[in-house]
2 protein chains.
Amino acid sequence: MISYSLFRFVKRLFRNVGDTGLGTQTTTTSIAELIADRIDSMPAGERRAAQTLVANYPVIGLKTVADFSQQAGVSSPTILRFVARLGFQNYPEFQSALQDELAAQLQSPASRTTISPNRSDAASPMIEATLDNLRETFRHLSDKQLNEIAEKMADHRGHMFLIGGRFTDPLARYMAAHLAIIRPNVFHLVGQESMWRDRLIDMGKRDVLVIFDIRRYQDSLIRFAEKAHQRGVQIVLFTDQWLSPIARFARHVIAGRTAVPSPWDSSAALFVVAETLIGAVTRQMEPDSARRIREMEGLR
Amino acid sequence: MISYSLFRFVKRLFRNVGDTGLGTQTTTTSIAELIADRIDSMPAGERRAAQTLVANYPVIGLKTVADFSQQAGVSSPTILRFVARLGFQNYPEFQSALQDELAAQLQSPASRTTISPNRSDAASPMIEATLDNLRETFRHLSDKQLNEIAEKMADHRGHMFLIGGRFTDPLARYMAAHLAIIRPNVFHLVGQESMWRDRLIDMGKRDVLVIFDIRRYQDSLIRFAEKAHQRGVQIVLFTDQWLSPIARFARHVIAGRTAVPSPWDSSAALFVVAETLIGAVTRQMEPDSARRIREMEGLR
DNA sequence: CGGGGAGCGTATCGTATGTTACGTATTTTG
DNA sequence: CAAAATACGTAACATACGATACGCTCCCCG
């Protein structure tokens, strides 16, 4: 998905900068900049189209050609000639580019304003991206949803199972380590797939299964989730913004941002959500949890 | 144009709040909130559509029904039923609403940060504190220091061992899972204390030991760190701002902020530092790591 | 266990949308 | 000033898109 649209974007860049002689040092040419460059060499009608677009950027470009042309006060073919002049093959391609640009912009709202140029090194963009990811993740996460999940997790009539993928299993373990202290019947599923599967026999409608699964989604987890779902287990899924296929079976889905300037995906956002939930569950279970903790101390 | 879409928007509002009995004091019901309200009363397929939309808000909703349905993993009619349930007459009307919302949002950049007015609950102080912790942690952490540690970790002439405490061991495991891929001889020490101790025999001056230890500091870890130190092992310590006693033996100390409004301490800052280091080490080992990864893929 | 209902997907249909050909208007140039 | 070239809109066209009818499957309730 990402790589594809990126490829398309780069392809367009080459086509565009090629004839302006800018060379290869261009970083990220937005469509708005593209227009600013060429607006002078445009005929009157297309210039009107360009001005209308930048005035209502980018929303008007997402509507139909008819809407666009009407608002600009020109005809439909003029709009099409306009986008053709920008280097796009057809109108849908132009719209896709706008959407991609919008998506990229919405993903990192802060880093664009606070580009600190003094830190030349590797750490800065990484931490900035992580902060953005956290903000974005929580922006899409309503308190209502968090509270519902916490409530479900605090309900200790049923059992609670946690499991994760190749890189996310430590998150499951982290969460399990905390929750096992404040409520009974918390189990972190480890080891081989056949081991988990044998635990399915104990799972039922009252039980909760927490799954961590980000790209690339593991087949073993999907299979397991499906079987658990068939047994009526309530699934809470921690995944990335592209949603693991397990979302199909999940009762609750938490989508965390994972993109960082690194070869690896970041699980930091999911980690913080996990910590938040741990806190919320603990709070909901007061004073039960407090008593339980004291009792535990006594056992040492 | 504007007045027309406004009219449509208001009309939809009335239709929507009418049956929820909220009355007229609703200010501006965004589609995201609309979804949050109704997602519970939705069948599985439509819920999946809703989750996909929220996770990729709002761009996926601006694309075609086919695109939307494909990304959500459901069929086109399900998408249409989903938007119908939200109160829209047809798909274009739904898209118009999204576009209007987007336009309003882009016009007043201030409203962007305060898009969630419902933040009265428990989540907000938690995430705020975590963000502060991250900023503070990295403020006291120089790039120079990070690079030195990364360099040490990238030096695969010696072995690398990772270990953590009761709650932080998952962090050690997370780091080990990544580093073991890009370099040889990475070992996560698990199990009982006697197990680690037996590994001491293999440790020497060229080796690195990464320890995660936050309050309350575990005696077993301290004992282990001391013995490793005596053998000349280079210790990298992840701890909290009050510094574990292990700092005495450590070559490098990373102090992360852990205070959050919760009964538990937060390891989020240490987690992010760990991820940053993973990225830095990976970058330093290019193209070695890339080749190693490819080779690994081939073994699947 | 059998009947009813809700949920979802497949396949088909109608239409709104982008596209293109062509003619007219307007500007440019010799 | 004439003639050509460019620009622009009208109208017809084709396609892709959203809408819908239908049937299968699963689940709940009697």
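By convention in this document, chain letters (A, B, ...) are assigned in the order of the sequence lines, proteins followed by strands, and residues within each chain are numbered from 1.
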Take the protein atom [atom1] of [X] and the nucleotide atom [atom2] of [N], then report the distance between them rounded to whole Å.
{"X": "B:Phe82", "N": "C:dG9", "atom1": "CZ", "atom2": "P", "value": "14 Å"}
{"X": "B:Met42", "N": "C:dC8", "atom1": "CE", "atom2": "P", "value": "11 Å"}
{"X": "A:Phe68", "N": "C:dT17", "atom1": "CZ", "atom2": "P", "value": "16 Å"}
{"X": "A:Arg47", "N": "D:dT6", "atom1": "CZ", "atom2": "P", "value": "17 Å"}
{"X": "A:Phe249", "N": "C:dC8", "atom1": "CZ", "atom2": "P", "value": "13 Å"}
{"X": "A:Lys205", "N": "D:dC28", "atom1": "NZ", "atom2": "P", "value": "7 Å"}
{"X": "A:Asn90", "N": "D:dT15", "atom1": "CG", "atom2": "C1'", "value": "12 Å"}
{"X": "B:Arg48", "N": "C:dG7", "atom1": "CZ", "atom2": "P", "value": "18 Å"}

| query | Side chains of A:Trp242 and B:Gln71: closer than 4.5 Å at any heavy-atom pair? | reply | yes
Side chain [X], main chain [Y], donor-acceptor under 3.5 Å:
{"X": "A:Arg257", "Y": "A:Thr137", "result": "no"}
{"X": "A:Asn90", "Y": "A:Glu93", "result": "yes"}
{"X": "A:Thr78", "Y": "A:Val74", "result": "no"}

| field | 5′-ward residue of the pair A:Ala66/A:Arg81 relative to DNA chain C | value |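 Going by which nucleotide is closer to the 5' end, it is A:Ala66.
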If you only use heavy atoms from C-beta on, which nucleotide in [options] is closest to the side chain of [X]?
{"X": "A:Tyr91", "options": "D:dA19, C:dT19, D:dG9", "result": "C:dT19"}
{"X": "A:Ser75", "options": "C:dG9, D:dG18, D:dT10", "result": "D:dT10"}
{"X": "A:Arg248", "options": "D:dG18, D:dC8, C:dG9", "result": "C:dG9"}

| Which is true for B:Pro77 with a 4.0 Å heavy-atom rule: it touches a base, it touches only sugar-phosphate, or it touches nothing? |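 It contacts base atoms.
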| Do we get A:Arg199 above A:Phe187's six-membered ring, with its NZ or CZ under 6.0 Å from the centre and within 45° of the axis? | yes
| task | Give a yes/no answer on whether the side chain of B:Thr78 brings an N or O atom under 4.0 Å of OP1 or OP2 in C:dG7. | result | no
